[in-house]
Amino acid sequence: MHYSTILALAGAASLANASPLENRAVAKFPAGTVWDIVLNSENTDLATLKKAPGTVIDIDLLDLTEAGDTTTIKELAKTKQVICYFSAGSRENWRKDAKDFGSSDFGKPLGKEWPGENWVNVKSETARVIMKKRIEAAAKAGCSAIDPDNVDGFDGNQDGYGYPRSAYADYVKYMADVARNNNLAIGLKNSLDMILDVLSDIQFAVNEECHEQEECDRYAPVTKAGLAVFNIEYKEKNCSAVPGVTLSSVFKPMDLNAIGGQC
Ligand SMILES: *[C@@H]1O[C@H](CO)[C@@H](O)[C@H](O)[C@H]1NC(C)=O
C-alpha cells in the first residue's frame with residue numbers, strides 16, 4: 001500500500017477436499033489468473049464475496065479473525081483460493097496483537113491518511129514473532145496464501161529507519177519461510193525494487209497503480225517466472241497491454257470495499 005494503502009486449480013473441489021492442511025501443496029498463482037480483492041468487507045456479505053469474479057480473492061485476515069469470524073474464509077475456500085491480507089510493515093494500533101509490539105519495534109506514523117499506523121522496524125525480532133503468529137493463524141483460518149502489506153519502508157526511506165533494501169528483503173524472506181512451513185503461498189506487495197531480491201521466494205505479486213505510475217513494465221521478471229501480477233488501479237480503469245507483462249487488473253475504489261472492476 002503505497003497509498004498507505006492449485007494446485008493449478010484442477011477445480012475448486014480439489015481445494016475443498018484438500019486436507020489435512022499439512023499435506024496440501026503450496027498454491028500456485030499462474031500469470032493471468034483472474035482475481036478480486038475486498039479488504040474492507042464489513043459491508044460485504046459472504047454471498048456477495050462468493051460472486052466475486054475469478055478463482056482468487058484477497059481479503060483481510062485480521063478484520064475477520066478479530067471479529068471472531070471463522071467461516072468466511074473457509075466458505076470462500078470451497079470455490080476459490082483465498083489470499084489473506086495483513087499489514088506486515090505497520091503496527092495498527094487497533095489490532096489485538098498491537099500490545100505485543102514494544103516501543104522499539106515501531107517508529108514513525110504512516111501519515112495522516114492512515115491514522116493509528118506506524119512503520120514497523122523490520123529488524124525487530126518481536127515483529128517477526130508477531131508476523132509468524134499471524135501467518136500460522138492464516139493457515140489455520142483456511143487461507144491459501146498471504147499478502148503482507150507495507151514491506152517497502154525503504155522506498156524513499158519512508159519509514160525513516162534508513163535501512164538498506166536488503167533488510168526488507170530479509171523480512172519478506174523470513175515471512176516466505178514461515179508461509180512455506182505452513183503450506184501457504186506469499187506475494188510481494190508493491191516494492192518493485194525488491195522484485196529480483198525475492199522472486200524465488202514468492203508465488204505472485206500484488207501491485208497498486210503501476211499503470212498510473214507507468215511502471216508495470218518492471219513486472220516482466222514476474223511474468224517470465226510464470227507468476228500472476230495482481231494489479232489494482234484506483235484512479236482509472238486502464239486495461240492497456242504492457243509488453244512482456246501479463247497483468248491481472250482490477251479497477252477499485254480506494255477503500256477496496258466492493259467486488260468487481262476486472263479488465
Ligand atoms: C494506461 O497504462 C499505460 C501502460 O501502463 C500507460 O502508458 C497509459 O498512460 C495509461 N493510460 C492512462 C489513461 O492513464
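When a ligand or atom number is given, it counts from 1 through the structure's own listing order.
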Between K80 and D58, is there a salt bridge with N-O shorter than 4.0 Å? no
Within the 6.0 Å centroid threshold, strictly below: F154 and Y163: no
Test: salt bridge (charged side-chain N to carboxylate O under 4.0 Å, His left out). Region: residues 43-53. Which pairs qualify, not counting sequence neighbours? K50-E75
Counting distance only, does the side-chain N/O of [X] pair as donor-acceptor with the main-chain N or O of [Y] below 3.5 Å?
X    : Y    : answer
N121 : F106 : no
E66  : K96  : yes
R91  : G107 : no

Identify the protein atoms, limited to N or O, that lie within less than 3.5 Å of an N or O atom of ligand 1, and list each pair with its distance to 0.1 Å.
from, atom 1, to, atom 2, distance (Å)
ligand 1, 2 (O), H211, ND1, 2.9
ligand 1, 2 (O), N238, OD1, 3.2
ligand 1, 2 (O), N238, ND2, 2.4
ligand 1, 5 (O), H211, ND1, 2.7
ligand 1, 9 (O), E214, OE2, 3.2
ligand 1, 11 (N), N238, ND2, 2.9
ligand 1, 14 (O), E236, OE2, 3.0

